[in-house]
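Each chain gets a letter, A, B and so on, in the order the sequences are listed, and its residues count up from 1. Everything quoted here is computed from the prediction, not taken from an experiment.
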Amino acid sequence: MQTTVASEYSNEIHSVPIEHRFNPYSDNGGTVLGIAGEDFAVLAGDTRQVEGYSIQSRYEPKIFDVGDNIVMTANGFAADGVALIDKFRQQLKWYKFDNFGGKLEIKSAARYIQHLLYGKRFFPYYVSTLIAGLDEEGKGAVYSYDPVGSYEREQCRAGGAAASLIMPFLDNQVNFKNQFIPGTDGKEKKPLKYLTLEEVIELVRDAFSSATERHIYVGDGLEIKIVTKDGVRTEYYPLKRD
Amino acid sequence: MAGLNFENYQRNSYLSTKGFATPRATSTGTTIVGCKFPGGVVIAADTRATSGPIVADKNCEKLHRLAPKIWCAGAGTAADTEMVTQLIASNLELHALSQNREPRVITALTMLKQHLFKYQGHLGAYLICAGVDPTGAHLLSVQAHGSTDIGKYQSLGSGSLAAMAVLETNFREDLTKEEAIKLCADAIEAGIWNDLGSGSNVDVCVMEVGKDAELYRNYLTPNVRSQKARSYKFAPGTTAILRESVRDILDVEETVVSFDQMEVDTEA
Amino acid sequence: MNGIKVDINHLKKGEVNLGTSIMAVKFQDGVILGADSRTTTGSYIANRVTDKLTQIHDTIYCCRSGSAADTQAVADMVKYYLQIYAAQLPPNETPTTEIAANVFQEICYNNKDNLTAGIICAGYDKKNGGSVYSIPIGGSIHKQDYAIAGSGSTFIYGWCNENFKQGMQKDECVDFIKTALSEAIKWDGSSGGVIRMVILTEKGVERLIFYPDEYQK
C-alpha cells in the first residue's frame with residue numbers, strides 16, 4: 001500500500017508507506033559508572049529518569065543491592081533494567097534454596113547474567129549492565145555487559161547516556177592513560193596504582209557533576225553504592241536539576 | 001551570489017542513502033516568553049543551546065536586537081534565528097533611515113513573516129518579537145512557517161508548555177514593571193527546571209514607553225557549577241612531546257618614519 | 001500532472017493549524033461572520049484567543065481555516081491588491097465583496113499545490129448589500145446565502161440546513177451563528193475558546209465576542 005508523504009523539500013514527494021508500529025523500547029536516559037579498588041568496589045548512577053524532553057522522576061534509584069555483597073545496575077530502557085534485576089534477584093533466591101544458603105561468587109553471578117541477557121538474544125534487554133563486588137580473593141571487581149550478554153571484568157566502566165563523556169576521563173584518571181612520568185620524554189608511562197576509596201568517590205562525583213553540565217539526560221542526584229568486606233553502603237549527593 | 005546555496009543538496013541526499021548521517025544543526029531547545037504590562041513589555045529566555053542530547057553552549061544569547069527598542073527572543077535552529085534576526089535588523093535600520101522615522105514592531109514582524117513564509121518552514125526560526133514604538137508597546141510572535149500571533153503573554157520553544165503554565169496562572173492585566181519581570185523570569189525558570197531542552201540562566205529585556213530598552217544579561221543564575229572535588233592539574237611533562245619544530249612564518253621589518261616626512265592630505 | 005502524486009492536503013511538519021469552526025451568514029442588513037478562537041500545533045493549543053476574522057477592506061472580511069501561515073499570507077496579499085485597486089476607484093466607491101472573493105479564488109487556485117487554505121470571504125457593499133463566498137481548498141468559488149467551513153463545520157451541516165432562514169433580523173442571525181458554532185466547538189476537539197463575530201452593514205463594522213460561560217449555557 002502506497003501513501004503520499006511530503007518530504008522536507010516539498011517539491012519532491014516520495015511515495016513510501018507510513019509505518020504505524022508499536023515500539024517496545026524507549027530511552028530513559030541516565031548514566032552509570034563502576035570502579036573497582038583494591039579491597040572495595042563502587043557502583044554509581046544518577047537518579048534522573050527521563051522520557052523525551054520530560055523528567056519522569058528526579059529520584060528513581062537504579063543501583064541495587066541484589067544480595068551476597070553484589071550490587072547491580074542495568075541502565076538504558078528502565079523497564080528492561082528493572083525486569084533484568086528482578087529476574088536475577090529471584091534466580092539468586094532459588095540458587096540459595098538449592099545450595100543450602102551458600103554464597104554466590106561474583107564470577108558466577110557474572111556468568112549467570114550473561115545467560116539471562118543472551119536468553120533474549122532476538123528481543124534483547126535494551127540496557128548496559130554493570131555489577132560490582134569483591135572476588136574470591138577479596139579484591140574489588142566490576143563486570144560490564146553489552147545488551148546481549150558479551151561481558152568482561154574491568155577496573156572501571158561507564159555506561160548509559162553519558163558513557164562517551166565519562167569513559168575517556170576514567171581511562172585517564174583511573175588507568176592513567178596518556179599520562180607519562182615527567183622528564184622521561186614520553187618513554188615511561190605513569191605506573192598503575194590502586195586508588196583509595198576517598199579518591200574514587202571524588203572522581204565519581206566530578207565525573208557526574210561534569211556529565212550533568214554537558215548532557216541533558218543526566219542530573220538531579222547521584223547515588224553511590226560501595227561494597228567492602230563489611231557489606232554494602234549507600235551515599236547520596238545532589239546534582240544540578242536543570 | 002546572494003541567498004542560500006543548495007549545490008550540495010543532491011550530494012548530501014545521495015550520501016544519506018549510503019548511511020552517512022546528515023549533520024545536525026544546533027537547536028536551541030528553548031524556553032522563551034514575553035509579557036505586557038501597562039506602559040511596556042518584557043521578554044525573557046533561557047541560555048542553553050543543545051545539539052541532540054549534548055549541551056552545546058551553557059550561556060548562549062537568545063535575545064536579539066532588531067532595533068534599539070525592538071528586541072526578539074528566538075527558539076528553534078540557532079543559526080536560523082541568528083541570521084534571520086540580523087537580516088531583518090539590517091533592513092529595518094535602512095527602512096527607518098529612508099523613512100526618517102523610528103522603526104515599528106509591526107514593520108519588523110511583517111518583514112519577518114514574509115521572509116519566513118518565503119522559505120516555507122525550512123528556516124526553523126520561532127520568534128517572540130516585542131518592543132516600543134511611536135504607537136505604543138507591542139508583543140507578537142512568529143512561527144517558522146510564517147504565521148503570526150498577538151497576545152498579552154506568550155511562550156515558545158520546547159519549554160513553552162512549562163512556561164505557559166506559569167503565565168496562565170499568574171498573569172494579570174495590571175502587572176507592574178517589576179511584577180512583569182518576575183513573571184517572565186519565573187516562567188523561564190519553569191522551563192529551565194522541567195524541560196530538558198532548556199537550562200542554565202535567565203536573560204531578560206525590558207522595553208518601556210518613552211525609555212531606552214534595558215537588557216539584563218544573566219538576570220538570574222540559578223545553575224552555577226559547584227566546586228570540583230579534585231584538581232586536574234597535570235605536572236609539566238605528563239604529556240609527551242613527540243616532535244618539536246619552530247619556524248618563522250613572517251619576516252617583520254620595522255622602519256621609523258618621522259612625522260614631517262609623511263604626506264598629509266588636508267584637502268577633501 | 002506528470003504522473004507525480006501531489007497531496008495538497010498535507011500540512012508541513014510542525015505547521016500551525018487552524019483546526020477551525022468558521023461561518024458567514026447573510027441577513028436583513030448585511031452579513032455576519034463568526035469563528036472560534038483556537039489555534040493548534042498537534043495537541044497543543046498554541047493560541048486560545050486567536051482572531052480568525054481578518055479585515056480585507058473597510059467592510060470586507062474573511063474567515064481563515066487550514067494553515068495559519070498560508071491563510072495569513074493570502075489574506076495579506078488580497079488586502080494589498082484591494083488597497084491598490086481601491087485607490088484607482090472614483091471617490092466614495094469601495095471594492096465589492098465579489099471582487100475581493102475573486103482575488104482570493106485566483107490566488108488559491110493558481111497556488112493550489114502549495115496552499116492549505118479554506119477561506120470564507122464575506123462583506124457588505126452598496127451595490128450588492130451583504131454577500132458570502134466560500135473558497136474551499138482546491139481554489140473553487142461558491143456564492144452562497146451562508147457558508148460554513150473548517151473541521152468543526154462537519155458537525156453542523158444538518159443543523160444549519162434545517163435552521164437557516166432567508167433575511168433574518170440581526171439578533172436572530174447572531175443567535176443562529178452562536179448556536180451553530182457552540183455545537184461545532186462542543187463536538188470538534190480542534191475548535192474552542194471564545195466565539196468571535198463581525199457584523200458588516202451599511203453602518204460599518206461591529207465586533208462581538210462571546211465567552212464559553214455564555215454560549216455553553
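Residue pairs meeting the side-chain hydrogen bond (donor to acceptor under 3.5 Å, both in side chains) criterion with at least one partner in residues 164-189 of chain A, sequence neighbours excluded, do not occur; the list is empty.
Within the 4.5 angstrom heavy-atom criterion, no atom of B:N201 approaches chain A. Using a 4.5 Å cut-off between heavy atoms, B:I54 touches chain A through backbone and side chain atoms alike. Only the backbone of A:S54 comes within less than 4.5 Å of a heavy atom in chain B; its side chain stays farther off.
Using a 4.5 Å cut-off on side-chain heavy atoms (C-beta onward), A:F169 and B:Y232 make contact. Residues A:K190 and B:T238 form no side-chain contact, since every pair of their non-hydrogen atoms from C-beta on lies 4.5 Å or further apart.
Between the CZ atom of A:R58 and the CG atom of B:N194 there is a distance of 5.5 Å, given to the nearest 0.5 Å. B:T239 OG1 to A:F180 CZ: the interatomic distance, rounded to the nearest 0.5 Å, is 8.5 Å. Atoms CG and CZ, on B:D57 and A:R214 in that order, are 7.0 Å from each other to the nearest 0.5 Å.
Each of A:E213, A:E199, A:R48, A:R205 has some count of heavy-atom pairs under 4.5 Å with chain B, and the biggest count is that of A:E213. Heavy-atom pairs under 4.5 Å with chain B were tallied for A:G183, A:S210, A:G219, A:G52; the largest tally goes to A:S210.
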Show the numbers, then the answer: is there a side-chain contact (heavy atoms from CB on, under 4.5 Å) between B:R230 and A:L203?
-> CA-CA 7 Å; B:R230 285 172 75 79; A:L203 282 181; 3.8 Å; yes

Go through B:R48 and A:D242 one step at a time and tell me if the side-chain contact (heavy atoms from CB on, under 4.5 Å) criterion holds.
-> CA-CA 10 Å; B:R48 174 182 281 183; A:D242 70 338; 3.4 Å; yes

List the steps, then state whether side-chain contact (heavy atoms from CB on, under 4.5 Å) holds for B:R225 with A:T212.
-> CA-CA 10 Å; B:R225 220 257 216 228; A:T212 302; over 6 Å; no

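Taking B:E189 as the reference, B:W193 meet the side chain to side chain donor-acceptor pair (under 3.5 Å) condition, with sequence neighbours excluded.
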